[in-house]
Amino acid sequence: CPYPVIKGIENNTDYSVTYTNHNGCSATARIRIEIVKRNIWVPNAFSANGDNINDSFYPTVTEDSYNTIRSMSIYDRWGELIFRRENFQANDPAQGWNGEFNNDKMNPGVYVYIIEVEWKNGDKQIVKGDVTLIR
């Protein structure tokens, strides 16, 4: 089978292939497939209206897959930095943006974010997008 296909792997798995030629000589190769379960989810809207439901903007990351959120920056439509947090843990609304700048509530609208995640294996990933602030 020159092009094997493996589907439905859920756990780390070791595979080996042995080839024997017509003279009886053989060789074996081994490979370990490691499943990396990591994902980041960022909402596209939040309300920040004080009802304690979706009142802050923050990333949700698969538990035990990352070291830290290295940074999260929020910009208004003119490119002004209105929020920045560094080296914090994901999945915590208290670490997110509450829709304010200099203790003033920002107007409803679209804001741009840039988030840098550091994964457990040391890889860094930049996630960019926009979020809508609703009041």
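Sequence positions, counted from 1, serve as the residue numbers for this chain.
Taking OH from Y15 and CD1 from I31, the interatomic distance works out to 10.0 Å, rounded to the nearest 0.5 Å. Here the OG1-CD distance, from T68 to E116, works out to 9.5 Å after rounding to the nearest 0.5 Å. Rounded to the nearest 0.5 Å, atoms CZ (F46) and CG (N49) are 10.5 Å apart. In this structure, N12 CG and I33 CD1 are separated by 9.5 Å, a value rounded to the nearest 0.5 Å.
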Taking only distance into account, with no hydrogens and no angle test, what donor-acceptor pairs under 3.5 Å do side-chain atoms of residues 126-133 form with protein atoms, sequence neighbours excluded?
none

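Across all non-hydrogen atoms, the minimal contact from M72 to G96 is CE-CA, 4.0 Å. Closest approach of P93 and S56 over heavy atoms only: O-OG, 2.9 Å. The nearest pair of heavy atoms linking A90 to P59 is CB-O, 3.5 Å. When every heavy atom of R85 is checked against every heavy atom of A94, the shortest pair comes out as NH2-O, 4.2 Å.
Side-chain contact check for D104 and N102: no donor-acceptor pair (N or O, by modelled atom type) lies under 3.5 Å. When only modelled atom types and interatomic distance are considered, T28 and T18 share a side-chain donor-acceptor pair under 3.5 Å. Remark: the S73 side chain and the R84 side chain contain an N/O donor-acceptor pair separated by less than 3.5 Å.
Counting only distance, with no hydrogens or angles, the side chain of N23 and the backbone of C25 share no donor-acceptor pair below 3.5 Å. Proximity of a side-chain donor or acceptor of N91 to a complementary backbone N or O of V61 within less than 3.5 Å is detected. Using modelled atom types, one side-chain atom of R135 and one backbone atom of A48 make a donor-acceptor pair closer than 3.5 Å. Listed for the D92 side chain is no donor-acceptor partner under 3.5 Å among the backbone atoms of Q89. For T13 (side chain) and N11 (main-chain N/O), a donor-acceptor pair under 3.5 Å exists by modelled atom type.
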*Carefully, step by step, assess V110 and R77 under the rule side-chain contact (heavy atoms from CB on, under 4.5 Å).*
CA-CA 7 Å; V110 178; R77 65 181 176 169; over 6 Å; no
_Worked verdict on I53 versus D55 for side-chain contact (heavy atoms from CB on, under 4.5 Å)_ = CA-CA 5 Å; I53 301 171; D55 279 343; 5.8 Å; no
*Checking side-chain contact (heavy atoms from CB on, under 4.5 Å) for the pair I74/V112: CA distance, chi angles, key distance, verdict?*
CA-CA 6 Å; I74 311 289; V112 174; over 6 Å; no
*Step by step, would you call Y66 with E118 a side-chain contact (heavy atoms from CB on, under 4.5 Å)?*
CA-CA 6 Å; Y66 73 102; E118 181 180 315; over 6 Å; no
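Ring-plane geometry between W97 and Y111 is classed as perpendicular, the angle between the planes exceeding 60 degrees on a 0 to 90 degree scale with a lower cut at 30.
Counting heavy-atom neighbours within 6.0 Å of R30 CZ, excluding the residue itself, gives a total of 12 or less.
The shortest side-chain heavy-atom distance between I115 and I40 falls under the 4.5 Å cut-off. In this structure, the side chains of I82 and M106 come closer than 4.5 Å at one or more pairs of heavy atoms. A 4.5 Å side-chain heavy-atom check between R70 and V117 finds every atom pair outside the cut-off.
In the hydrophobic cluster analysis, where Ile, Leu, Val, Met, Phe, Trp and Tyr join through side-chain heavy atoms closer than 4.5 angstrom, I114 is grouped apart from V42. W119 and F88 fall within the same hydrophobic cluster, where Ile, Leu, Val, Met, Phe, Trp and Tyr residues are linked whenever their side-chain heavy atoms come under 4.5 Å apart, directly or through other members. Hydrophobic clustering (side-chain heavy atoms under 4.5 Å, transitive across Ile, Leu, Val, Met, Phe, Trp, Tyr) groups F101 together with F83.
Y58 shares a hydrophobic cluster with no other residue; no ILVMFWY side chain has heavy atoms under 4.5 Å from its own.
Checked against a 6.0 Å centroid threshold, the rings of F57 and Y113 count as neighbours.
Taking the charged nitrogens against the carboxylate oxygens, E100 and K105 have no contact shorter than 4.0 Å, which rules out a salt bridge.
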